[in-house]
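This report refers to the structure that appears directly beneath it.
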Amino acid sequence: MAIVEHLVVETYGAFISKHSERLRVTKADEKLCEAPLMHLQSVLVASKGVGISSDVIAECAERGIPIFFCNPSGHTYGTVYAAGLGGTILTRREQLYAYGDQRGRDAALAFAAGKIENQAITLRYMAKTRKESAPDAYEQLCQADMAILDHLASLERLDGETVEAVRERLMAVEGSAAKAYWGAIRAVIPAEYNWTSRQTRGATDPVNSLLNYGYGILYGKVEQALVVAGLDPYAGFMHADRPGKPSLVLDLIEEFRQTAVDRVVFGLANRHFKVDQDEGGNLKPEICRSLAEKVLAHLDAGVRHEGKSYPLRMVIQQQARKLAAFLRRERPLYEPFKATW
């Protein structure tokens with residue numbers, strides 16, 4: 001039997017229960033699957049109408065297995081953790097104090113720099129196999145790579161002691177780099193997908209729907225890493241505060257979007273992956289499950305980081321802990337994750 005590390009439940013009417021040392025998913029009298037608790041790292045509920053027993057919640061909390069609830073558009077609307085994970089006070093106090101001093105500004109600049117650099121690296125990654133087979137696309141990707149990297153110098157020139165003093169200009173630089181990135185991506189998305197531009201919530205075209213759903217899965221992993229590191233997911237720096245807005249999750253996720261999700265989705269598109277959607281443009285359950293499995297497998301795959309190979313999910317946790325240490329003044333700076341190509 002294959003080891004199940006991430007249990008994905010996307011079947012309407014399914015029920016998750018605990019049997020001995022396993023989680024069991026059933027619908028009516030039919031057993032759909034089982035997952036041994038000893039190997040399980042997460043549970044993703046990706047459909048409406050899924051039931052879950054209190055025994056499952058208690059056992060997952062005891063073992064540190066998060067349960068994520070995600071809708072078909074990729075929005076993570078709830079997460080269950082062990083109650084004690086949010087109990088580290090010193091880190092959260094320093095996180096809040098940092099907003100008003102240079103630490104907050106430096107963290108925001110690091111998040112933006114990480115996103116921009118990894119966008120450029122992703123374009124290089126995609127260009128390297130196209131020099132002979134698609135020279136026009138290769139040239140467009142290379143030109144965009146250089147244009148995006150120019151934005152790093154713009155970040156370095158931003159003056160101001162706090163994040164409030166630089167945020168508006170920082171977001172303008174980040175937005176300009178993103179425009180160049182997504183403009184170049186058009187050269188590598190097959191025409192059959194009719195993809196014209198990046199759209200976030202509410203998008204119904206196949207590529208944006210895949211991206212949004214993939215980011216929803218990544219969102220849950222980043223939130224988990226921040227909570228485990230003792231940080232408040234709602235007290236961010238680069239993204240402005242707003243009630244109900246997980247600003248720090250949106251900050252940290254920026255340096256991982258390209259490696260964890262973009263490469264997976266662009267790879268699927270270039271293999272002409274068939275994206276089945278309902279009348280409202282939502283991904284059908286089987287597509288949600290397929291994409292979730294691919295993104296989660298990618299998060300378990302090894303990446304080079306600081307001279308060693310680690311699963312990408314572990315790098316996310318390492319970065320969250322480094323951010324916490326920086327905010328506590330235990331590290332002189334926070335350096336974002338830099339992908340390889």
Side-chain angles (χ1 to χ4, degrees), residues 6-12 42 44-48 68-77 115 118-119 121-123 125-127 129-130 137 141 144 178-223 249-250 253-301 303 312-313 316 339 341:
H6 305 283
L7 179 61
V8 181
V9 183
E10 84 299 344
T11 304
Y12 183 89
S42 68
L44 174 63
V45 178
S47 173
K48 294 181 178 180
F68 303 106
F69 296 86
C70 185
N71 67 20
S73 66
H75 174 60
T76 300
Y77 58 87
K115 178 180 182 178
N118 283 325
Q119 285 176 331
I121 289 169
T122 297
L123 295 184
Y125 170 81
M126 299 179 69
T129 59
R130 290 176 165 83
L141 292 167
K179 183 177 180 180
Y181 174 72
W182 292 111
I185 292 302
R186 282 199 297 267
V188 297
I189 299 296
E192 68 203 66
Y193 292 101
N194 296 314
W195 189 79
T196 57
S197 64
R198 173 72 185 118
Q199 296 179 29
T200 55
R201 186 171 295 186
T204 58
D205 67 280
V207 172
N208 279 312
S209 295
L210 291 174
L211 288 167
N212 291 341
Y213 193 79
Y215 292 153
I217 296 167
L218 178 60
Y219 169 102
K221 295 299 181 182
V222 171
E223 182 187 51
V249 179
L250 300 177
I253 202 174
E254 297 291 16
E255 62 196 72
F256 293 102
R257 290 182 189 271
Q258 303 76 31
T259 307
V261 178
D262 292 5
R263 294 190 187 189
V264 174
V265 171
F266 301 156
L268 289 172
N270 278 277
R271 293 194 295 274
H272 305 282
F273 180 70
K274 189 175 186 298
V275 184
D276 293 322
Q277 297 171 275
D278 63 22
E279 293 180 355
N282 294 315
L283 301 175
K284 289 193 173 179
E286 59 271 20
I287 301 301
C288 290
R289 181 182 185 85
S290 179
L291 179 62
E293 289 175 344
K294 288 175 172 60
V295 171
L296 290 167
H298 199 62
L299 287 166
D300 285 336
V303 295
L312 184 55
R313 59 178 171 77
I316 294 173
W341 62 282

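When reading the values below, keep in mind they use all heavy atoms of this one structure, side chains included, and skip hydrogens, waters and symmetry mates.
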Just how far is it from atom CZ of Arg271 to atom CZ of Phe266, taken to the nearest 0.5 Å?
13.0 Å

Basic-acidic side-chain contact under 4.0 Å: Arg289, Glu10
yes

List the steps and the verdict of side-chain hydrogen bond (donor to acceptor under 3.5 Å, both in side chains) for His6 and Glu293.
CA-CA 8 Å; His6 305 283; Glu293 289 175 344; over 6 Å; no

Heavy-atom side-chain proximity of Ile185 to Met126 below 4.5 angstrom:
yes

Let me confirm one number: the OH-CZ distance from Tyr77 to Phe68, rounded to the nearest 0.5 Å.
13.0 Å

Atom pair NZ/CZ of Lys221 and Phe256 - distance to nearest 0.5 Å:
13.5 Å

Please examine the side chains of Val222 and Leu250, heavy atoms only from C-beta on, and report whether any two atoms are closer than 4.5 Å.
no

Least distance between heavy atoms, Gln119 atom then Ala178 atom:
NE2-CA, 3.9 Å

Ion pair Asp300/Arg313, N-O distance below 4.0 Å
yes

If only atom types and distance count, is the side chain of Asn212 paired as donor or acceptor with the main-chain N or O of Ala203 below 3.5 Å?
no

Kindly give the heavy-atom pair with the smallest separation between Val188 and Pro190, and that separation in Å.
O-CD, 3.5 Å

Applying side-chain contact (heavy atoms from CB on, under 4.5 Å), run through Ile316 and Leu218 and close with a yes or a no.
CA-CA 10 Å; Ile316 294 173; Leu218 178 60; 3.8 Å; yes

For Ala144 and Leu123, the nearest pair of non-hydrogen atoms, with its separation, is CB-CD1, 3.6 Å

Could you tell me whether the side chain of Val45 reaches within less than 4.5 Å of the side chain of Val8, counting heavy atoms only?
no

Where the side chain of Trp182 meets the backbone of Ala184, is there a donor-acceptor pair that is under 3.5 Å apart?
no

Quick one: do the Tyr125 and Asn118 side chains pair a donor with an acceptor below 3.5 Å?
no

Please report the shortest heavy-atom distance between Ala269 and Ile189, naming the atom on each side.
CB-CD1, 4.3 Å

Any chance you could measure Ile287, atom CD1, to Phe273, atom CZ, to the nearest 0.5 Å?
4.0 Å

Contact check, side chains of Lys274 and Pro206, non-hydrogen atoms, under 4.5 Å:
no

Is any side-chain heavy atom of Asn282 closer than 4.5 Å to one of Tyr213?
no

How long is the gap from NE2 on His298 to CG on Leu312, to the nearest 0.5 Å?
6.5 Å

Work out which heavy atom in Trp195 is nearest to a heavy atom in Arg186; give both atom names and the distance.
CZ3-CG, 3.4 Å

Closer than 3.5 angstrom, by distance alone: can the side chain of Arg130 be matched with the main-chain N or O of Ala137 as a donor-acceptor pair?
no

Leu299 and Ala260 have their tightest heavy-atom pair at CD2-CB, 4.0 Å

Straight-line distance of Leu44 CG to Thr76 OG1, nearest 0.5 Å
7.5 Å

Do the side-chain N and O atoms of Asn208 and Tyr193 include a donor-acceptor pair separated by under 3.5 angstrom?
no

Any side-chain heavy-atom pair from Gln258 and Ile121 closer than 4.5 angstrom?
no

Does the Asp205 side chain pair with the main chain of Arg198, one donor and one acceptor, at a distance under 3.5 Å?
no

Start with the C-alpha gap between Ser209 and Gln277, add the side-chain angles, then the distance that decides, and say whether side-chain contact (heavy atoms from CB on, under 4.5 Å) holds.
CA-CA 9 Å; Ser209 295; Gln277 297 171 275; 3.3 Å; yes

